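These notes are about the structure you will find just below.
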Protein chains: 2
Amino acid sequence: MKDFNQLSERQRKIVRFMVQYHERFGYPPTIREIGDATDIRSTSVVNYNLNKLVSAGYLQRSDKVSRGLRLVAVPPLGQSDKARKVSQFTRVPLVGHIVASAPVPIPEDVGHYYDEEALMELPPSLLGNADPAQVFALTVKGDSMIDAMIREGDIVILHSQAEARRGDMIAAWLPGRGETTLKYYFPEDDGRVRLQPAHPTLPPIYVPASELEIKGRVLTVIRKLS
Amino acid sequence: MKDFNQLSERQRKIVRFMVQYHERFGYPPTIREIGDATDIRSTSVVNYNLNKLVSAGYLQRSDKVSRGLRLVAVPPLGQSDKARKVSQFTRVPLVGHIVASAPVPIPEDVGHYYDEEALMELPPSLLGNADPAQVFALTVKGDSMIDAMIREGDIVILHSQAEARRGDMIAAWLPGRGETTLKYYFPEDDGRVRLQPAHPTLPPIYVPASELEIKGRVLTVIRKLS
DNA sequence: TTGACGTAGGAACGAATGTTCGCTATACTC
DNA sequence: GAGTATAGCGAACATTCGTTCCTACGTCAA
């Protein structure tokens, strides 16, 4: 969380405007409304600064969603420079189980409606900067993911995505083996992918990039003992 | 203000969905999202029922504004409201590191004030029924707790306590070995204690009860990957 | 029966809105 | 000076999303 005073003047204005706007209307402003309120002529500049605010930990954004903005921190009321966290949890749908022997059950539409029982509260800090609308949770069945340091009963928080960056931990389906796996993702130059287990002493496996379907990126693993 | 039960089933569903949606995303849904969630095929029908809800005093609408919806009344205290009241988040202090080779750094007074940076928001579901004032968090240093399926960087949420119940996972100090360990606690009849690693294939160790200082009970383990 | 009314579905229109791209300017580093 | 990162503008594009219109099917009263 960047200090409020370290933001640019425009970024501070944006945050202040968003607080006001939300109080007044109950929903977030559009990019153009932000631009009008902060004397920014171009929507792309607003967009640019919004992304900065996401990195700084003040906002979350949902891609391609109108008004898909959510404040996760607000500026101090008085003279103190610290930002105040907005105590706002995200509710993540718990959509099923993950097993080594079956594909990952990705919800067709993660942002869809789910039963209240199947929602799990998470603080934004556990979601990184991920778009909450693309996040879901699965409980682990069986001990077949022990090489990922994951046990039966653990909860895996995933961001639904088909591509990953080098070093991400991913949930992938290997059609050749008929297997779901959780591993660190390292594409190699020869068109293969090295999949590295979380356990430091276990060897990686190599598969052709064409034999790997990335289903999501692992954001967090939670083990509830009580 | 019309009574909630006088609304049509669809209208009640819409209101309930909007409450949930706002909790999850922080902004209101679109007409189409409402339709999907409440099994209404046509946007015009959703629109129609939204206008009904405005008349009934549950909503306000802004014309021609995407997501221009605002709840002005919430359903009477049902299941969902009760759940929401109880689910107040907790801020847990992150007080240091846990290493196998050193004692657990228990804060003298867990309920003390800590720097904002060192506070971690957690939903109550991850604390079980533990007294939040006695809960603290540590980050794991080194891979020496791999037998507990815990890695460097993991966060361990502990409840400060000197005694445990059979089957609890505990953080204990073994003065004889000069070692901190995280294991499942099984007191035996002969005055010894069996300490069982989380990893299912690893053997337990046995220590005399007098050689075991219980420092806390593990509530949750969190692995943040992003 | 007929007509009014409430509710529902489907399709199409047009405005609202997020995204992308090319270009410029400034500051800083090597 | 060349190269790079940050910040800015404007225009065009692609989608999302609210609105409107037409149709259909009940119920109920005249």
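Quick caveat, the model's predicted, so the values are computed rather than measured. In what follows, chains are A, B, ... by sequence order, proteins preceding strands, each numbered from 1.
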**Fill in**
Testing dT19(C), dG18(C), dA8(C) for proximity to the side chain of Asp63(A), the answer is dT19(C)
**Item:** Euclidean distance, atom CZ of residue Arg67(B) to atom P of dG18(C) [Å, nearest integer]
**Value:** 9 Å
**Request:** Return the value, rounded to whole Å, for the distance between atom CD1 of Ile14(B) and atom C1' of dA8(C).
**Result:** 13 Å
**Item:** Spacing between Glu9(B) atom CD and dA8(C) atom P, to the nearest angstrom
**Value:** 11 Å
**Message:** Between Arg61(A) and dT19(C), is there a contact of a side-chain N or O with OP1 or OP2 at under 4.0 Å?
**Reply:** yes
**Request:** Classify the side chain of Ser44(B) and the base of dG10(C) as holding, or not holding, a donor-acceptor pair under 3.5 Å.
**Result:** yes
**Asked** NA contact type, Ser8(A), heavy-atom cut-off 4.0 Å: base, sugar-phosphate, or nothing?
**Response** nothing
**Rounded distance (Å) that lies between atom C1' of dA16(C) and atom CD1 of Ile34(A)** = 15 Å
**Prompt:** Once you round it to whole Å, what is the distance between P of dG18(C) and CG of Asn49(A)?
**Reply:** 15 Å
**Prompt:** If you find the nucleotide of DNA chain D closest to Val45(A) and the one closest to Leu69(B), which residue's nucleotide is nearer the 5' end?
**Reply:** Val45(A)
**Asked** Over how many whole Å does the gap from Ile31(A) atom CD1 to dT17(C) atom P extend?
**Response** 11 Å
**Request:** Please state whether the rings of Tyr58(B) and Phe4(B) are parallel, tilted or perpendicular, taking 30° and 60° as the class boundaries.
**Result:** tilted
**Request:** Could you tell me whether the side chain of Thr43(A) has a donor or acceptor atom within less than 3.5 Å of a complementary atom in the base of dG18(C)?
**Result:** no
**Request:** Describe the nucleic acid contact of Asn47(A) in one word from base, sugar-phosphate, nothing, applying a heavy-atom distance below 4.0 Å.
**Result:** base
**Message:** Under 4.0 Å, heavy atoms only, any strand: does Arg32(B) hit a base, just the sugar-phosphate, or nothing?
**Reply:** base
**Request:** Answer yes if the side chains of Tyr27(B) and Ser66(A) hold a donor-acceptor pair under 3.5 Å, and no otherwise.
**Result:** no
**Prompt:** Under 4.0 Å between a side-chain N/O of Lys52(B) and OP1 or OP2 of dG6(C), yes or no?
**Reply:** no
**Complete:** side chain to side chain contact (heavy atoms under 4.5 Å, CB included) test vs Ile222(A) passes for just one of Asp154(A), Val156(A), Leu122(A), namely Leu122(A)
**Request:** Would you indicate which nucleotide in dG8(D), dG18(C), dC17(D) comes nearest to any side-chain atom of Tyr48(A)?
**Result:** dG8(D)
**Approximate separation, where rounding is to 0.5 Å, of Gln11(A) CD and Asn49(A) CG** = 4.5 Å
**Message:** Taking the side chain as everything from C-beta on, heavy atoms only, tell me whether Leu53(B) gets closer than 4.5 Å to Arg10(B).
**Reply:** no
**Under 4.0 angstrom between Ser66(A) side-chain N/O and dC17(D) OP1 or OP2** = yes
**Asked** Atom CG of Asp36(A) to atom P of dC9(D): distance rounded to whole Å?
**Response** 13 Å
**Asked** Asp131(A) CG to dG18(C) P: how many Å, rounded?
**Response** 14 Å
**Request:** Hey, which sits more toward the 5' end of DNA chain C by its nearest nucleotide, Lys64(B) or Gln11(B)?
**Result:** Gln11(B)
